[in-house]
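Numbered from 1 within each chain, the chains take letters A, B, ... in sequence-line order. Scope of the values below: all heavy atoms of this structure, side chains included, with no hydrogens, waters or symmetry mates.
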Amino acid sequence: MDGTNSLRNGPDEHGRFGLYGGRFVAETLMPLILDLEKEYRAAKVDPEYQAQIKDLATHYTGRPSPLYYAERLSKHLGGAKVWFKREELNHTGSHKINNCLGQILLAKRMGKTRIIAETGAGQHGVATATVCAKFDLPCTIFMGATDVERQMPNVLRMKMLGAEVRPVTAGAGTLKDAMNEALRDWVTNVENTYYLIGTAAGPHPYPEMVRDFQSVIGTELKEQFRELEGKLPDAVVACVGGGSNAIGTFHAFLDDPEVAIYGAEAGGHGIDIENGHAASMTGGRPGVLHGNRTYLLQDKDGQILEGHSISAGLDYPGVGPEHSYLHDTKRVTYVPITDNEALEAFQLCTKMEGIIPALESAHGLAQVIKLAPKMGKDQSVVLCLSGRGDKDVESVGKYLGLLK
Amino acid sequence: MTTRIDRAFAAAKAANRPAFVTYLMGGDPDLATSQAILNALPQAGADVIELGLPFSDPMADGVVIQMAGQRALKAGQTLLGVLGMVEEFRRKDENTPIVLMGYYNPIYSFGVDKFLATAKEAGVDGLIIVDLPAEEDNELCIPALKAGINFIRLTTPTTDDKRLPVVLENTSGFVYYVSMTGITGAAIKSRSAVGEAVSRIKTHTDLPVAVGFGIKTAEDAAEIGKHADGIVVGTVLVDAVAKTLVDGKATDKTVSAVRELVADIAAGVKRARA
Ligand SMILES: Cc1ncc(COP(=O)(O)O)c(C=O)c1O
């Protein structure tokens with residue numbers, strides 16, 4: 001399917017996916033955002049740029065990432081065959097590198113000499129620090145002070161890679177606050193600085209751009225699955241923070257109605273607890289923050305809530321605008337997964353498959369665990385295993401009482 | 001039809017000085033104190049008042065105004081509460097224009113039409129909404145103009161001659177030139193560059209041009225005020241509030257500290273062209 005009925009045509013020329021998206025930024029940033037869009041349009045059709053991305057994907061990231069049949073887990077769940085799209089095997093340990101490589105090449109094209117980024121779990125910070133090391137650009141990473149604590153291994157990695165890590169103490173010291181601070185830096189240093197946003201959110205053209213860079217996940221997956229099984233999977237699942245690994249996984253399947261699509265949001269302590277979760281679509285309503293209109297956790301007066309998730313990478317009160325659109329159109333089913341469900345999935349995956357997943361990815365897996373037993377043995381569900389859990393072993397160890 | 005904003009700038013011009021625009025955060029540190037500050041501003045020398053709408057995530061503000069917003073929110077301030085302050089102010093002052101300054105989400109959440117009607121009724125003259133650039137004019141700018149409320153746009157050092165017409169197209173009341181690329185509370189890098197920028201903007205519009213961000217003292221006001229039709233002072237006034245607080249609470253010095261600082265800077269404004 002293509003053309004007018006396709007769900008894959010967004011955004012429109014105003015950067016909108018239906019009601020969502022847009023360019024809600026201060027005037028200082030507006031000229032730069034228009035420039036970026038122009039540069040991206042040019043790069044998108046530049047064979048040399050595309051060839052560079054392809055080459056780096058193969059030789060630096062290690063793509064294509066394998067599609068793995070999780071046999072023990074499938075048997076244990078007793079229903080559908082469970083598959084992992086193994087983004088955790090990418091260089092730097094998550095899907096974040098796909099986006100960082102695309103954007104750093106753009107920054108270079110634009111002649112920018114300094115990179116800034118926000119990070120939650122630190123995976124995007126690490127991926128950014130990595131490409132900055134490779135491309136010899138100084139970088140500053142903004143990270144909430146709470147997240148600096150709970151993702152210490154990644155903080156150390158960033159520092160060793162040469163990045164400056166700035167802890168942000170405002171608010172609850174999580175991803176939202178890091179993003180505010182990155183935007184403040186950007187407004188101040190707009191002349192020379194490129195803001196390398198880590199998820200499919202923010203002002204247009206970021207949601208589109210990041211989606212395009214991450215779409216390699218779903219495109220590869222589709223082809224790999226067809227080769228192995230000769231058909232389409234029955235369901236695909238990904239966790240949703242800002243939504244970059246999810247949109248990257250989903251995009252190739254949006255126009256295949258026979259494929260069910262699930263996004264796992266952070267249900268934290270439970271969706272009924274105000275400020276106790278980070279499920280912006282299940283528990284929020286449309287609003288405007290960080291450059292785009294999208295589903296947001298907010299109080300009745302339009303003040304943004306901090307939210308909560310055990311997983312730093314999902315602990316964000318918003319979501320990328322394309323997800324809001326896919327939620328309204330019901331093409332994708334978004335479900336909340338609690339901290340405890342994610343912890344259980346984390347342990348199950350580790351023990352049964354010998355793969356330690358990131359806590360973010362464990363949210364997706366928890367949804368697979370619910371889904372697979374209800375599906376037939378001839379059916380298949382594919383999880384985007386967005387990242388590895390090395391960064392989480394200390395936090396999880398504390399939760400499980402293995403560390404004091 | 002002339003508006004309060006038109007008249008305020010015209011009166012300052014007639015007195016051969018720039019208009020003095022003062023900012024305060026609506027509801028900082030509490031509603032009663034903030035109301036008292038607001039009510040005292042005209043007498044202290046303010047020609048136009050910017051009243052801040054507190055927001056949880058003020059992306060364009062430095063730490064001083066961030067903290068003020070948090071104090072206001074903690075004290076229970078809401079959008080409706082700020083509109084109530086304007087209504088109360090208007091009982092005694094029919095002349096001093098009030099411009100609400102803030103971010104879009106609380107307004108969007110409240111409902112644009114309902115907000116504009118309530119704001120007009122309360123006596124609001126203009127809006128400065130930081131995260132609504134010209135590209136998003138259909139959201140609030142156009143409806144505000146229809147409701148008879150000015151939409152004042154920020155222009156910045158990154159707004160070049162090619163873009164200025166886009167930015168100015170639906171701007172009314174006055175033009176707010178942001179003196180630097182940066183957040184509120186930072187320092188002006190070059191005063192002469194500001195003067196040049198104001199002249200450049202004036203070749204594109206007949207609206208008065210006020211300059212804000214980084215004006216901290218009577219001397220700054222006198223210097224920048226040579227070229228600008230208005231000067232905006234915010235962070236130092238908010239900081240004056242903060243410095244009088246004890247355990248985050250207002251003291252008997254809070255209102256007078258702001259009043260005295262406004263009077264002091266107003267003197268600088270008056271000698272700008274003397
Ligand atoms: C491994 C992993 N998965 C998922 C996410 C969530 O981000 P997104 O929703 O953009 O994929 C993160 C963010 O830090 C992450 O580290």
Side chain, backbone, both or neither: which part of E191(A) has a non-hydrogen atom closer than 4.5 Å to chain B?
side chain

Counting distance only, does the side-chain N/O of D57(B) pair as donor-acceptor with the main-chain N or O of D177(A) below 3.5 Å?
no

salt_bridge(R23(A), E139(B)) N-O dist < 4.0 Å:
no

If you measure from NZ on K300(A) to OG1 on T78(B), what distance do you get to the nearest 0.5 Å?
7.5 Å

Does a side chain donor of either T155(B) or E27(A) reach within less than 3.5 Å of an acceptor in the other side chain?
no

Specify the closest pair of heavy atoms between P286(A) and Y108(B), including all atoms of both residues, with the distance to one decimal.
O-CE2, 3.6 Å

Check: R163(B) and L34(A) side chains under 4.5 Å, non-hydrogen atoms:
yes

Would you call T158(B) and L32(A) a side-chain contact if the rule is heavy atoms closer than 4.5 Å?
no

Would you indicate whether the side-chain heavy atoms of P106(B) and Q298(A) approach each other to under 4.5 Å?
no

Atom CD of Q66(B) and atom CG of N180(A): how far apart are they, to the nearest 0.5 Å?
7.5 Å

Got more than 12 heavy atoms from elsewhere within 6.0 Å of NZ, K38(A)?
no

Side chain to side chain contact (heavy atoms under 4.5 Å, CB included) partner of S56(B), chosen from L289(A), I304(A), D299(A):
I304(A)

So what's closer than 4.5 Å to chain A heavy atoms on P157(B): side chain, backbone, both or neither?
neither

Does a sphere of radius 6.0 Å around CE in M67(B) hold more than 12 heavy atoms from other residues, nucleotides or ligands, not counting ones at 6.0 Å or beyond?
no

Working to the nearest 0.5 Å, report the span between CG of L154(B) and OG1 of T28(A).
7.5 Å

Would you mind telling me which of R184(A), H14(A), H290(A), R285(A) has the largest number of heavy-atom pairs within less than 4.5 Å of chain B?
R184(A)

For L305(A), is it the side chain, the backbone, both or neither that has a heavy atom under 4.5 Å from a heavy atom of chain B?
neither

Is L73(B) in contact with chain A via its backbone, its side chain, both, or neither, using a 4.5 Å heavy-atom distance?
side chain

State, yes or no, whether a side-chain contact exists between P203(A) and E135(B) at a heavy-atom distance under 4.5 Å.
no

Out of V63(B), L132(B), V166(B), V130(B), return the one with the most heavy atom pairs under 4.5 angstrom to chain A.
V130(B)

Measure from the side-chain N and O atoms of D131(B) to the backbone N and O of V25(A), and report whether any donor-acceptor pair falls under 3.5 Å.
no

Do other residues, nucleotides or ligands put more than 12 heavy atoms under 6.0 Å from K189(B) NZ?
yes

Test item: Q70(B) side-chain N/O and A170(A) main-chain N/O as donor-acceptor pair under 3.5 Å
no

Heavy-atom neighbours of E164(A) CD exceed 12 at 6.0 Å:
yes

E136(B)/R293(A) ion pair, N-O < 4.0 Å:
no

Using non-hydrogen atoms and a 4.5 Å limit, figure out which bit of V167(B) sits close to chain A: side chain, backbone, both or neither.
side chain

So which part of D160(B) gets closer than 4.5 Å to some heavy atom of chain A, the side chain, the backbone, both or neither?
neither

Side-chain donor or acceptor of T181(B) paired with backbone N/O of T188(A) under 3.5 Å
yes

Under a 4.5 Å heavy-atom cut-off, does chain A meet the side chain of V178(B), its backbone, both or neither?
neither

Which residue out of D185(A), L29(A), V187(A) racks up the most heavy-atom pairs below 4.5 Å with chain B?
V187(A)

